[in-house]
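Here, residue 1 is the first one in the sequence, and each next residue gets the next number.
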Amino acid sequence: GRMQSVFSNGLDLAARAEARIGSTFDFGAFDMVVESAGPVSTAGVYTSSASTQVYAVTVKVTNALRAPANFGWQYATPTLVDVDGKQIGWKGDVIDSATGKSAGPELAPGTPYRLQYVFDAEPGRKLREFTLALPAGQTIVVDVR
């Protein structure tokens with residue numbers, strides 16, 4: 001049968017696709033849903049302070065393959081941008097919400113994981129979009145407003 005993908009219009013594959021919070025999209029070997037994006041007090045070992053706010057993008061990730069698949073900070077490059085178009089600094093980590101530790105190195109097939117991409121900046125930033133880019137060239141852009 002025909003595979004459904006946010007990267008396909010039915011005939012061709014695109015390198016860039018768009019999604020919204022709460023919508024499922026395919027991304028490489030994984031089905032993903034961005035569940036939330038915003039300020040948090042902690043994410044794993046990262047803690048907000050009076051001068052630095054931790055921002056987390058929580059993503060439900062399910063390995064769609066029948067075998068374990070590699071996943072971690074090196075799997076895709078995330079970007080978080082505020083409403084003024086300014087990028088928020090990524091901490092270079094993806095946290096498994098269940099353990100509070102870095103995600104990976106493998107995700108079991110069919111099991112949903114809640115992962116947090118961790119960023120930090122000054123408090124009070126309003127978020128606009130979260131982007132994930134695979135090394136192979138596919139990019140998903142998620143409106144997080």
Side-chain angles (χ1 to χ4, degrees), residues 3-9 13-145:
M3 185 179 97
Q4 298 296 317
S5 173
V6 295
F7 292 96
S8 174
N9 64 7
L13 286 176
R16 182 179 167 99
E18 296 183 6
R20 299 187 71 71
I21 284 183
S23 64
T24 302
F25 57 90
D26 59 302
F27 197 65
F30 305 97
D31 289 333
M32 296 184 160
V33 177
V34 174
E35 295 183 323
S36 65
V40 296
S41 57
T42 62
V45 299
Y46 306 100
T47 303
S48 294
S49 68
S51 60
T52 302
Q53 177 66 58
V54 173
Y55 295 87
V57 177
T58 302
V59 182
K60 183 173 82 173
V61 179
T62 305
N63 174 0
L65 301 177
R66 293 184 177 156
N70 289 336
F71 193 94
W73 60 267
Q74 69 281 23
Y75 178 74
T77 303
T79 306
L80 187 61
V81 176
D82 69 11
V83 293
D84 296 322
K86 295 179 183 171
Q87 192 168 322
I88 296 173
W90 179 43
K91 297 298 282 181
D93 205 355
V94 181
I95 302 296
D96 183 337
S97 295
T99 65
K101 297 180 180 177
S102 294
E106 290 184 338
L107 300 185
T111 302
Y113 294 85
R114 277 204 172 60
L115 308 178
Q116 292 181 306
Y117 285 89
V118 183
F119 301 83
D120 71 348
E122 66 278 357
R125 303 274 288 267
K126 303 280 188 226
L127 306 180
R128 182 180 75 199
E129 85 183 12
F130 172 68
T131 304
L132 275 176
L134 286 171
Q138 285 183 317
T139 300
I140 188 79
V141 179
V142 182
D143 183 347
V144 296
R145 285 178 276 189

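Judged by distance alone, with hydrogens and angles left aside, the side-chain atoms of S48 form a donor-acceptor pair with the main-chain N or O of V54 at under 3.5 Å. Remark: side-chain polar atoms of N63 are paired, donor with acceptor, to backbone N or O of L107 under 3.5 angstrom. Under the 3.5 Å distance criterion, the side-chain polar atoms of Y55 are matched with a main-chain donor or acceptor of R125. At distances below 3.5 Å, at least one donor-acceptor pair connects side-chain atoms of D82 with backbone N or O atoms of D84. Using modelled atom types, no side-chain atom of Q53 and backbone atom of S41 make a donor-acceptor pair closer than 3.5 Å.
Taking every heavy atom of both residues into account, A43 and V118 meet most closely at CB-CG2, 3.9 Å. Taking every heavy atom of both residues into account, A108 and Y113 meet most closely at N-OH, 3.1 Å. A76 and L132 get closest at one heavy-atom pair: CB-CD2, 3.9 Å. In this structure, S51 and P123 approach most closely via the heavy-atom pair O-CD, 3.5 Å. In plain terms, the two heavy atoms of V57 and A37 that are nearest each other are CG2-CB, 4.0 Å.
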Let me check something: any side-chain donor-acceptor pairs from residues 28-35 under 3.5 Å, sequence neighbours excluded? List them with distances.
from	atom 1	to	atom 2	distance (Å)
E35	OE1	R114	NE	2.6
E35	OE2	R114	NE	3.3
E35	OE2	R114	NH2	2.8

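One finds the CG atom of D96 at 9.5 Å from the OG atom of S102 (value rounded to the nearest 0.5 Å). Between atom CD1 of residue I140 and atom CZ of residue R16 there is a gap of 9.5 Å, rounded to the nearest 0.5 Å. Rounding to the nearest 0.5 Å places CD of E18 at 8.0 Å from CD of E129. Atoms CG and OH, from N70 and Y75 in turn, are 10.0 Å apart once rounded to the nearest 0.5 Å. Rounded to the nearest 0.5 Å, atoms CG (D93) and NZ (K101) are 12.5 Å apart. Summarising the geometry, atom CG belonging to D120 is positioned 11.0 Å from atom CG belonging to L80; distances are rounded to the nearest 0.5 Å.
Here the side chains of V59 and V94 are not in contact, with every heavy-atom distance at 4.5 Å or above.
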Would L127 and I88 count as a side chain to side chain contact (heavy atoms under 4.5 Å, CB included) if you check the C-alpha gap in whole Å, the side-chain angles of each, and the deciding distance to 0.1 Å? CA-CA 9 Å; L127 306 180; I88 296 173; 3.3 Å; yes
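A salt bridge links D143 with R20; the closest basic N to acidic carboxylate O contact falls under 4.0 Å.
The ring-ring contact (aromatic ring centres under 6.0 Å, His included) test applied to F130 returns Y117, not counting sequence neighbours.
Annotation for W73: atom CH2 does not count as buried by contact number, only 12 or fewer foreign heavy atoms lying within 6.0 Å.
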